[in-house]
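Notes follow the structure.
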Amino acid sequence: MKRKLPSKLFVLDALKRRIDHNHDMHELVTSLMRRAEIGYRGELKVDRLWQEITVPSNSYLFHNYESQNDFGNSHQIDSLFICPHFILILEIKNISGLIWYEKEKYQFMRKKLTGEIESFQSPFEQVQRHVDFMERIVERLGLELPLHKAVVIAETSTVIGNVPEEIPVFHSIGLPSEIKKLLLKYNSPALSSPHYEMLVNQIQKIHKPSIYKPKFEIPPLRKGAICECGRVMEFHHGKFVCICGLRSKEPLYQGLHDYRYLFDEWITNQEFRKFFLIESRDAANKLLKRTEFYCEGNNKGRRYLIPEDVWRIN
């Protein structure tokens, strides 16, 4: 399974575009997006190493695996490797500087080259929580399968200080060796083919990707089709026009992309007009029909499904 861009990046990108640049929250969103981009690049760096690793042909590798536990709380696993021999859960961190863990405080620390010290959410508690979740899934199926976990550091210059001994922590370059060790340790399958298929089917069944929801209060957002120059475009004679002179349909699809990630994947004529600042119902109807989106309902109750890749349709 190829890793997709996380919804967090799409949401933060849309917020960055639609929050007034002078608003205090714009700086926060920009900072969060920068961190999310760094994290994603680190995950891709680790993903490339899997191409060099020889694993059983019936193995499965899930990236950005998402599911919910019995309490409705989400689990977002960076990489989940499953084979008939064992399960491996990876938490990937793309952090530079000196890192260490203060166990009594459950505090994961980083010292930058500048000397500044920062605290992050502990990856050790995160990965253990995911292991506990997977253990419950395996047990409920009446199966037994070894579960392993590790924290992988994607940034090559990072110095790994004091960390928990019970959870492997290593640079990404060591991943092939760690996988090889596990395959040598568990050289015989722990599950029969029917039991393994049952487990994989269950894990695929409960995989439920979600859209990132910010934990901060979202300020008023700019509506409309936004030009490359940053201005809100006006709708004239069936087209979006900017005072800079640009006439383009791309801001329409970009706006629909933003609406999908910030509000809903479905949009009605009324919601479309309100968001894109269009007065005419007929004009909005023509634009929506032109998109050729899947729709359901009739007349005023009709709604259109905005595709996940809408920004790349045009």
Side-chain angles (χ1 to χ4, degrees), residues 1-6 39-70 73-94 123-154 163-210:
M1 180 188 291
K2 187 177 180 180
R3 188 182 300 275
K4 295 181 179 180
L5 273 167
Y40 178 65
R41 288 198 298 270
E43 290 165 356
L44 290 179
K45 187 186 296 185
V46 176
D47 293 349
R48 287 192 286 271
L49 289 169
W50 283 100
Q51 300 171 12
E52 306 171 11
I53 302 174
T54 302
V55 296
S57 59
N58 55 350
S59 301
Y60 287 83
L61 178 61
F62 298 93
H63 298 304
N64 288 340
Y65 180 85
E66 293 186 57
S67 189
Q68 286 189 340
N69 59 29
D70 297 337
N73 298 322
S74 65
H75 286 263
Q76 296 177 322
I77 301 175
D78 290 341
S79 290
L80 171 64
F81 175 75
I82 304 171
C83 69
H85 305 251
F86 60 86
I87 289 177
L88 175 63
I89 294 175
L90 300 181
E91 182 70 25
I92 301 169
K93 292 298 176 186
N94 194 18
F124 310 111
E125 274 62 48
Q126 283 178 293
V127 74
Q128 183 58 54
R129 178 173 171 269
H130 299 326
V131 167
D132 294 342
F133 173 64
M134 278 295 154
E135 279 182 343
R136 289 193 292 271
I137 293 171
V138 173
E139 289 172 359
R140 285 177 181 177
L141 293 173
L143 305 175
E144 291 185 5
L145 186 65
L147 274 90
H148 287 265
K149 55 189 177 286
V151 174
V152 181
I153 307 301
V163 292
E165 294 181 1
E166 61 271 20
I167 300 179
V169 184
F170 50 83
H171 280 284
S172 57
I173 194 66
L175 180 62
S177 296
E178 293 297 319
I179 298 294
K180 189 174 181 180
K181 287 179 188 177
L182 290 173
L183 288 171
L184 287 172
K185 181 177 180 179
Y186 304 106
N187 53 15
S188 298
L191 296 178
S192 64
S193 294
H195 284 163
Y196 179 58
E197 184 178 352
M198 179 172 65
L199 173 63
V200 171
N201 288 340
Q202 179 63 16
I203 287 174
Q204 290 176 325
K205 180 181 177 182
I206 63 173
H207 175 44
K208 296 180 179 178
S210 61

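Going from atom CD1 of Ile89 over to atom NE2 of His148 covers 11.0 Å, rounded to the nearest 0.5 Å. Separation of atoms CG (Asn64) and OG (Ser210) is listed at 10.0 Å; rounding is to 0.5 Å. With rounding to the nearest 0.5 Å, the separation of NE2 in His85 from CG in Leu191 is 9.5 Å. In this structure, CD1 on Ile173 lies 6.0 Å from CG on Leu49, to the nearest 0.5 angstrom. Here the CG-NE2 distance, from Leu145 to His195, works out to 12.0 Å after rounding to the nearest 0.5 Å. Remark: Leu90 CG to Asp78 CG distance equals 8.0 Å, nearest 0.5 Å.
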After noting the C-alpha distance and the side-chain angles of Met198 and Leu143, does the key distance pass the side chain to side chain contact (heavy atoms under 4.5 Å, CB included) rule? CA-CA 10 Å; Met198 179 172 65; Leu143 305 175; 3.9 Å; yes
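Using a 4.5 Å cut-off on side-chain heavy atoms (C-beta onward), Leu80 and Tyr60 make no contact. Residues Leu147 and Phe86 fail the side-chain proximity criterion, which asks for heavy atoms closer than 4.5 Å. Residues Ile82 and Tyr196 form a side-chain contact, since some pair of their non-hydrogen atoms from C-beta on lies under 4.5 Å apart.
A pairwise comparison of heavy atoms in Asn94 and Gly39 identifies CB-CA, 4.4 Å as the closest pair. Among all heavy-atom pairs drawn from Leu183 and Val55, the shortest one is CD1-CA, 4.4 Å. Nearest approach of Ser172 to Ala154, heavy atoms of both residues: OG-O, 3.9 Å. The nearest pair of heavy atoms linking Lys149 to Pro168 is O-CD, 3.3 Å.
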For residues 199-209, dump all side-chain donor-acceptor pairs below 3.5 Å to protein atoms at least two apart in sequence or in another chain.
{"from": "Asn201", "atom 1": "ND2", "to": "Glu197", "atom 2": "O", "distance (Å)": "3.2"}
{"from": "His207", "atom 1": "ND1", "to": "Glu66", "atom 2": "N", "distance (Å)": "3.3"}
{"from": "His207", "atom 1": "ND1", "to": "Glu66", "atom 2": "O", "distance (Å)": "3.1"}

Result block: side-chain N/O donor-acceptor pairs under 3.5 angstrom for residues 129-138, not counting sequence neighbours:
{"from": "Arg129", "atom 1": "NH1", "to": "Ser74", "atom 2": "O", "distance (Å)": "3.2"}
{"from": "Arg129", "atom 1": "NH2", "to": "Ser74", "atom 2": "O", "distance (Å)": "2.9"}
{"from": "His130", "atom 1": "ND1", "to": "His75", "atom 2": "ND1", "distance (Å)": "3.0"}
{"from": "His130", "atom 1": "NE2", "to": "Gln76", "atom 2": "O", "distance (Å)": "3.3"}
{"from": "Asp132", "atom 1": "OD1", "to": "Gln128", "atom 2": "NE2", "distance (Å)": "2.9"}

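With respect to Asp47, the salt bridge (Lys or Arg N to Asp or Glu O under 4.0 Å) criterion is satisfied by exactly one of Arg3, Arg41, Lys4, Lys2: Arg3.
Between Tyr65 and Phe62, the angle of the ring planes goes over 60°, which puts this pair in the perpendicular group of the 30/60° scheme.
Few gaps surround CD on Glu166; more than 12 heavy atoms of other groups in view lie less than 6.0 Å from it.
With sequence neighbours excluded, no residue satisfies side chain to side chain donor-acceptor pair (under 3.5 Å) with Asn58.
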